[in-house]
Undergrad: 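Provided herewith is a single structure, encoded as structure tokens, for subsequent inquiry.
Order of listing sets the numbers, starting from 1, for every ligand and every atom in it.
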Amino acid sequence: MSKILDKFLNENLEELRNAGLYNEIDPVEGPNGPTIKIGGKELINLSSNNYLGLATDEDLKVLAKEATDKYGVGAGAVRTINGTLDIHVELEKKIAEFKGTEAAISYQSGFNCNMAAISAVMNKQDAILSDELNHASIIDGCRLSGAKIIRVKHQDMDDLRAKAKEATESGEYGKVMYITDGVFSMDGNVANLPEIVEIAKEFDLITYVDDAHGSGVMGKGKGTVKHFGLEKEIDMQMGTLSKAVGVVGGYVAGKQNLIDWLKVRSRPFLFSTAVTPADVAATQGALQKIMDSTELHDKLWENGDYLKAGLKKLGFDIGQSETPITPCIIGEEKLAQKFSKRLMEEGVYAKAIVFPTVPRGTGRVRNMPTAAHTKEMLDEALAIYEKVGKELGILK
Ligand SMILES: *Cc1c(COP(=O)(O)O)cnc(C)c1O
């Protein structure tokens, strides 16, 4: 190994470990359901994005197996050569129906979708106004585009208006985009889309909403844009197929000309192999389930409200969440990690989230209740939270 690489790795790893910022990965021994097995131990799982429980759904498993039998295990090529199977096209139609748009394009993941779509539309003559708490994949997509990135204070509409005015009136830029998460995954708060749309109209901003945590959760399952009835106003509705939808993949939904452009200009669509037939079939089935019934959505919210009320009553700082995402904000990184570790020893898997995923000094344990949890599981989790919270002096 190169000496300089070896030194770089060892020094930096040690620094992270000393600061309590090194993330240890615990492999899950079985399905990622409402309970999980880690190290042979059964734990109540409050850390997955499997909001509706669809990642382990029996009907979807059948669809995945059937598609594998019919098409094989791989798509065989990138979408633009001959990796586009008829089911990929059907899936994109289904996504457009789900999102209430003319068309949609799907990608291999939400992360590469942001890399792909932002940089296909924006370039170095342009500017992107970006909420300061946007997801890492948005930040990377913006950087890749070469556009000027202008950070906007988190959900601060006055700051957005001022910066939109400055960027558009300066004459320095071609296009100007505003990009935001629909639901912010570390805090569970929702973007103020009605006001964003108003400002966008005033300054002709391109609007891009990453609804990774809103789809399946907001708008009776159809997402944050639908929640506000703004399907016709938001230019680019981006989302993932890996969270509430339970499988894997990403997409952009919007007008036909936008999707036509992304199909010829987004690089992961052109240069990376399409998702497998099993993924496509399971995803289609999952979207259909979300469109057909709000039962899972309703159960998710019921569980979210229950857990939130319980944690709040115990005295935890649960922040400003407006969704089932429920952070317990602890503050100091090492304490947040210790808290999470003790929860795990007692039977709850709730991962500590620390810098750089959240700002320094706002270390937290984030709880993600799902539709698949029972009240008994949540009660047990709350009892463990109380015990560990008192033990570590977080609760009085
Ligand atoms: C998880 C997430 C992504 C990435 O989605 P994947 O499908 O997991 O790659 C993108 N944006 C946001 C806001 C996310 O939370």
Side-chain angles (χ1 to χ4, degrees), residues 23 25 28 32 47-52 54-55 91-92 95 98-99 104-120 128 130-145 152 154-155 177-191 193 196 207-219 223-225 227 234 236-253 266-269 272-276 279-280 282-283 286-287 290 321-327 351 353 356-358 364 366-368 370:
N23 179 31
I25 296 172
V28 175
N32 197 338
S47 282
S48 83
N49 299 315
N50 181 18
Y51 289 109
L52 301 176
L54 292 171
L91 172 62
E92 286 166 338
I95 294 168
F98 179 55
K99 289 286 148 183
I105 178 172
S106 67
Y107 296 91
Q108 301 87 342
S109 79
F111 199 107
N112 91 359
C113 174
N114 275 334
M115 302 286 282
I118 300 167
S119 63
I128 305 175
S130 175
D131 187 285
E132 64 186 344
L133 295 189
N134 277 343
H135 189 260
S137 58
I138 296 180
I139 296 169
D140 287 7
C142 291
R143 284 182 185 150
L144 186 63
S145 75
V152 177
H154 181 51
Q155 293 252 53
M177 170 184 277
Y178 177 62
I179 188 161
T180 181
D181 281 21
V183 171
F184 289 85
S185 62
M186 297 303 144
D187 295 279
N189 55 328
V190 178
L193 295 184
I196 288 164
T207 45
Y208 188 118
V209 176
D210 174 341
D211 212 23
H213 288 272
S215 291
V217 177
M218 299 292 292
T224 310
V225 174
H227 168 79
I234 298 296
M236 301 174 77
Q237 291 194 56
M238 176 272 164
T240 90
L241 301 167
S242 57
K243 287 174 179 152
V245 181
V247 193
V248 73
Y251 60 85
V252 174
S266 41
R267 292 167 70 81
F269 190 84
S272 179
T273 300
V275 291
T276 70
D279 295 327
V280 177
T283 303
L287 292 176
I290 296 171
S321 173
E322 302 165 72
T323 61
I325 296 171
T326 309
K351 197 82 179 151
I353 313 260
T357 311
V358 292
R364 63 199 64 190
R366 189 183 49 156
N367 303 286
M368 316 282 277
T370 73

Undergrad: For the pair Thr283 and Tyr251, evaluate side chain to side chain donor-acceptor pair (under 3.5 Å) and give the outcome as yes or no after the intermediate values.
TA: CA-CA 12 Å; Thr283 303; Tyr251 60 85; over 6 Å; no
Undergrad: Any sub-3.5 Å donor-acceptor pair from Gln108's side-chain atoms to Val248's backbone N or O?
TA: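 Checked: no pair found.
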Undergrad: Check if Ser137 has a non-hydrogen atom at a distance under 4.0 Å from any atom of ligand 1.
TA: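 Contact present.
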Undergrad: Got a donor-acceptor contact below 3.5 angstrom from the Asp140 side chain to the Leu144 backbone?
TA: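 Not at all, since once roles are kept as given, no pair shorter than 3.5 Å links the two residues.
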Undergrad: Sub-3.5 Å donor-acceptor pair from the side chain of Asn32 to the main-chain atoms of Ala55, do we have one?
TA: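 Side chain of Asn32 to backbone of Ala55: no pair is present.
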Undergrad: Looking at Pro324, is its backbone amide N or carbonyl O close enough to the side chain of Thr326 to form a donor-acceptor pair, meaning the two atoms are under 3.5 Å apart?
TA: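 Confirmed, Thr326 side chain pairs with Pro324 backbone.
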Undergrad: Is the closest N or O pair between Gly110 and ligand 1 shorter than 3.5 Å?
TA: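 N/O-N/O distance under 3.5 Å: yes.
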Undergrad: May I ask you to list the atoms of ligand 1 that are less than 4.0 angstrom from any heavy atom of Asp210?
TA: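 This gives 10 (C), 11 (N), 12 (C), 13 (C) as the contact atoms.
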Undergrad: Distance to 0.1 Å, residue and atom name: give those for the protein heavy atom nearest to atom 4 (C) of ligand 1.
TA: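 Here the nearest protein heavy atom works out to Phe111 N, 3.4 Å.
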Undergrad: If you count the atoms of ligand 1 from 1 in the order shown, which ones are under 4.0 Å from a heavy atom of Ala212?
TA: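 Answer for ligand 1: 2 (C), 11 (N), 12 (C), 13 (C), 14 (C), 15 (O).
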Undergrad: May I ask you to identify the nearest protein heavy atom to atom 8 (O) of ligand 1, giving residue, atom name and distance to one decimal place in Å?
TA: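 Here the closest protein heavy atom is Ser242 OG, 3.3 Å.
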Undergrad: If you count the atoms of ligand 1 from 1 in the order shown, which ones are under 4.0 Å from a heavy atom of His213?
TA: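 What qualifies from ligand 1 is 15 (O).
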Undergrad: Within the 4.0 Å heavy-atom shell around Ser109, which atoms of ligand 1 are there?
TA: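 The atoms of ligand 1 under 4.0 Å from a heavy atom of Ser109 are 7 (O), 9 (O).
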Undergrad: Donor-acceptor pair, Asp211 side chain versus Gly239 backbone, under 3.5 Å?
TA: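 Side chain of Asp211 to backbone of Gly239: no pair is present.
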Undergrad: So does Lys351 get a backbone contact from the side chain of Ser47, meaning a donor-acceptor N/O pair under 3.5 Å?
TA: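 Yes.
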Undergrad: Can you check which of Thr240, Asp181, Asn49 brings a heavy atom nearest to atom 5 (O) of ligand 1?
TA: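 The nearest heavy atom belongs to Thr240.
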Undergrad: Nearest non-hydrogen atom to atom 15 (O) of ligand 1 belongs to which of Lys243, Met186, Met238?
TA: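 Selected option, by shortest heavy-atom distance: Lys243.
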Undergrad: Relative to the heavy atoms of Gly249, which atoms of ligand 1 are at a distance of less than 4.0 Å?
TA: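 Once the distances to Gly249 are compared, the set is 7 (O).
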Undergrad: Are His154 and Asn189 side-chain neighbours, meaning at least one heavy-atom pair lies under 4.5 Å?
TA: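 Counting from C-beta outward, His154 and Asn189 do come under 4.5 Å.
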Undergrad: Could you tell me if any non-hydrogen atom of Gly182 lies under 4.0 Å from any atom of ligand 1?
TA: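 No; Gly182 lies far enough from ligand 1 that no heavy-atom distance drops under 4.0 Å.
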